[in-house]
Amino acid sequence: MHDIKWIRNNAAMFDQAMERRKLSGVADKAIELDKARRDHVAKLQELQTQRNNASKAIGKAKASGDEAVAQAAIAKVADIKKAIQQGEETERNLTETLNNYLAQLPNIMSDDVPDGADEDENIEMHKVGEPKIFDFEAKQHFDLGEALGQMDFETAAKMSGSRFVILSKDLARLERALANFMLDLHTDEYGREEVVVPLLVNANALEGTGQLPKFEEDMFKTTDGKYLISTSEVSLTNLVRETVLQENELPKRYTSYSNCFRSEAGSAGRDTRGMIRQHQFTKVEMVSITHPDKSEEEQMLMLESAELVLKRLGLAYRVVRLCSGDIGFSSKRTFDLEVWLPGQNMYREISSVSTCGDFQARRMGARFKTSAGKTNFVHTLNGSGLAIGRTMVAILENYQTKDGDIEIPEVLHSYMGGKKVIKAIK
RNA sequence: GGAGAGGUGGCCGAGUGGUCGAAGGCGCACGCCUGGAAAGCGUGUAGGCGGUUUUCCCGUCUCGUGGGUUCGAAUCCCAUCCUCUCCUCCA
């Protein structure tokens with residue numbers, strides 16, 4: 001949520017920023033709504049002043065037993081009452097209109113976000129590792145998983161429909177191994193606090209992080225008005241909702257392993273096969289709450305952690321800087337990690353590391369108190385570290401053998417009970 | 001799910017229609033006292049919005065949240081959220 005005061009004072013700059021998001025005339029519109037509201041509030045307050053003064057006089061008159069004076073005064077202010085009631089309702093409407101307008105405006109992007117229409121214009125920062133070359137034709141993960149008899153889309157479809165999967169045996173354990181491996185890395189080596197979060201949240205929480213009001217169709221909603229989280233970024237970031245932290249409590253670094261639920265409303269037909277795009281998946285998420293001066297370096301630290309997961313797993317990947325056309329609603333700047341998938345013969349997104357500046361903090365009322373005693377909004381960051389399903393896809397495709405075995409990356413051996421390879425069925 | 005109780009400032013807690021944004025206490029800040037500290041004494045101590053263009057002042061709103069009644073609401077009414085107790089159910 002943007003600060004209307006700031007928009008008022010920096011209209012041109014704000015418009016420029018929104019232009020990059022393909023929105024025009026935003027500042028004028030916001031200022032117009034704000035002006036209408038403020039003009040109205042000024043009038044309303046004038047009426048309230050009259051009423052308050054009159055009421056005080058009535059109180060005094062009654063206290064001194066001067067009933068006649070009191071009655072006269074009451075008669076005099078009676079008609080102000082109606083005007084105030086109407087005025088209050090109008091104020092509510094004007095405020096709501098302004099807030100609704102502001103709530104659907106995306107964050108201002110950082111200057112270093114490149115212009116671009118879509119993901120094709122993202123900028124590659126660096127590559128790590130070489131895409132694996134096989135002396136046989138690399139299979140896609142779903143062929144490998146189904147051949148192992150440990151990845152079952154058909155049975156899942158019977159009970160849940162499309163975009164669900166059932167993992168069993170070694171692949172089920174691999175899910176757990178990956179989660180543990182990632183959580184251990186983030187907690188033990190980076191000091192992030194592990195959290196188990198609610199998967200069902202109310203609309204306020206989602207408005208705080210920016211999934212609402214614009215992207216309701218992406219969410220699953222329960223009959224009692226709650227929503228399944230699309231990422232535990234929502235729950236983790238909302239940990240500091242409506243709080244005032246002490247400056248020395250910053251940064252707060254959280255990590256969580258959770259299920260995520262997405263309706264994938266806009267992606268019918270995309271990635272219909274396999275585990276790449278599911279209605280339900282798991283993810284280890286990182287969220288940081290920082291001092292405004294520290295969010296830049298925090299994003300680099302978060303990126304480093306996510307990269308380290310891929311490095312330890314021996315997976316080739318590249319880091320891209322998202323362009324203006326691909327960056328998310330709440331983000332100021334996003335780096336995506338794309339892992340190499342031999343079966344698909346391309347890089348696919350496996351993590352996204354974003355800084356939101358104070359955008360989410362404003363929406364949530366997440367603040368901190370400076371040593372000088374001032375309260376100020378914190379900065380929030382989030383990043384996947386990593387999406388488990390897609391990591392499994394990457395392992396299957398990168399560690400497949402000609403016979404259809406899956407070698408298990410060394411760092412996972414201990415998490416897999418010493419198992420080093422998942423053998424194909426002969 | 002049923003019955004009841006309750007949500008007041010950083011914290012505790014008083015306040016059932018009239019100068020209540022709110023007694024008192026704790027905490028905190030400053031000052032006095034002290035060799036220094038504690039104790040004691042004194043003073044001060046919420047936030048949002050708008051105006052003023054400011055280290056001052058004015059208005060307004062805020063006693064879980066949202067409505068309503070009233071000239072006037074922390075106080076009355078309705079709705080809603082949350083917390084606690086008992087019962088029921090349950091992993």
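Convention: sequence-line order gives letters A, B, ...; per-chain numbering from 1.
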Answer with base, sugar-phosphate or nothing: what part of the nucleic acid does A:Val77 contact at a heavy-atom distance below 4.0 Å?
sugar-phosphate
For the pair made of CD in A:Glu89 and P in B:G66, what is the distance, rounded to whole Å?
16 Å
Distance between C1' atoms of B:G2 and B:U45 (Å, rounded):
46 Å
Using atom P in both nucleotides, what's the gap between B:A14 and B:G9 to the nearest angstrom?
13 Å
Strictly below 4.0 Å: does A:Lys5 bring a side-chain N or O up to OP1 or OP2 of B:G50?
yes
With a 4.0 Å limit, can you tell me whether A:Lys62 has a side-chain N or O closer than that to the phosphate oxygens OP1/OP2 of B:C71?
no
Calculate the interatomic distance between A:Asn204 atom CG and B:U65 atom P; express it in whole Å.
14 Å
Mark up nucleotides 57-64 of chain B, 5' to 3', with B wherever a protein heavy atom is under 4.0 angstrom from a base atom, S wherever such an atom reaches only the sugar-phosphate, and - elsewhere.
--BSS---
Give a yes or no on this: more than 12 heavy atoms of other residues, nucleotides or ligands lie within 6.0 Å of atom CD of A:Gln50.
yes
Figure out the CZ/C1' separation between A:Arg241 and B:C82, and round it to whole Å.
14 Å
Atom P, compared across B:G40 and B:U80: separation rounded to whole Å:
49 Å
Please classify the nucleic acid contact of A:Arg92 as base, sugar-phosphate, or nothing, using heavy-atom distances under 4.0 Å.
sugar-phosphate
Can you find a side-chain donor-acceptor pair between A:Thr209 and A:Glu233 that sits under 3.5 Å?
no
In whole angstroms, the gap separating P of B:G72 from CD1 of A:Ile74 amounts to 10 Å
Kindly assign one of parallel, tilted or perpendicular to the pair A:Phe14 and A:His2, based on the angle between their ring planes and the thresholds 30° and 60°.
perpendicular
Quote, to the nearest angstrom, the C1' distance that separates B:G1 from B:C11.
36 Å
Provide the distance between the two C1' atoms, one in B:A91 and one in B:C28, to the nearest whole Å.
46 Å
Please state how far atom NZ in A:Lys369 lies from atom C1' in B:A46, giving the value in whole angstrom units.
9 Å
Between B:C58 and B:G6, how far apart are the two P atoms, rounded to whole Å?
38 Å
Would you say B:C49 has OP1 or OP2 under 4.0 Å from some side-chain N or O of A:Arg8?
no
Test A:Phe142 against A:Phe153 for ring pair (Phe, Tyr, Trp, His ring centres under 6.0 Å), laying out the working first.
CA-CA 9 Å; A:Phe142 42 83; A:Phe153 296 96; 7.1 Å; no
Is the count of non-hydrogen atoms from other residues, nucleotides or ligands lying under 6.0 Å from A:Glu249 atom CD greater than 12?
yes
Hunt down any stem RNA chain B takes part in, defined as 3 or more consecutive Watson-Crick or G-U pairs whose two distances are each under 3.5 Å.
B:1-7 with B:81-87, B:10-12 with B:24-26, B:27-32 with B:40-45, B:46-51 with B:57-62, B:64-68 with B:76-80
The residue, A:Arg37 or A:Ala54, whose nearest nucleotide of RNA chain B is more 5′ is A:Arg37
Is the distance from OP1 or OP2 of B:C71 to the nearest side-chain N or O of A:Lys76 less than 4.0 Å?
no
When you get a sec, tell me which of B:C49, B:U19, B:G72 is the closest nucleotide to the side chain of A:Lys81?
B:G72
Base, sugar-phosphate or nothing for A:Arg362? Non-hydrogen atoms, less than 4.0 Å.
nothing
Side chains of A:Ser330 and A:Asn107, donor plus acceptor under 3.5 Å
no
What interatomic distance, in whole Å, is found between P of B:G10 and the corresponding atom of B:C84?
22 Å
Would you say A:Arg333 and A:Ser110 are linked by a side-chain donor-acceptor pair, where the criterion is simply a distance under 3.5 Å?
yes
Can you sort out the partners of A:Asn202 under side chain to side chain donor-acceptor pair (under 3.5 Å), two or more places apart, ordered by chain and number?
none
Between A:Arg38 and B:G51, does any side-chain N or O lie under 4.0 Å from OP1 or OP2?
yes
Euclidean distance, atom CG of residue A:Asp79 to atom P of B:G72 [Å, nearest integer]:
12 Å
Does a donor on one side chain and an acceptor on the other come within less than 3.5 Å for A:Ser295 and A:His379?
yes
More than 12 heavy atoms of other groups within 6.0 Å of A:Asp79 CG
yes
In whole Å, measure the gap between the P atoms of B:C63 and B:A74 for me.
7 Å
Would you classify A:Gln85 as touching base, sugar-phosphate or nothing, given that sugar-phosphate means primed atoms plus P, OP1 and OP2, and contacts are heavy atoms under 4.0 Å?
sugar-phosphate
Take the protein atom CG of A:Asn99 and the nucleotide atom C1' of B:G48, then report the distance between them rounded to whole Å.
13 Å
Exercise: identify the closest heavy-atom pair between A:Arg37 and A:Glu91:
NH2-OE2, 3.9 Å
d(CG, A:Asn376; P, B:G47) in whole Å:
15 Å
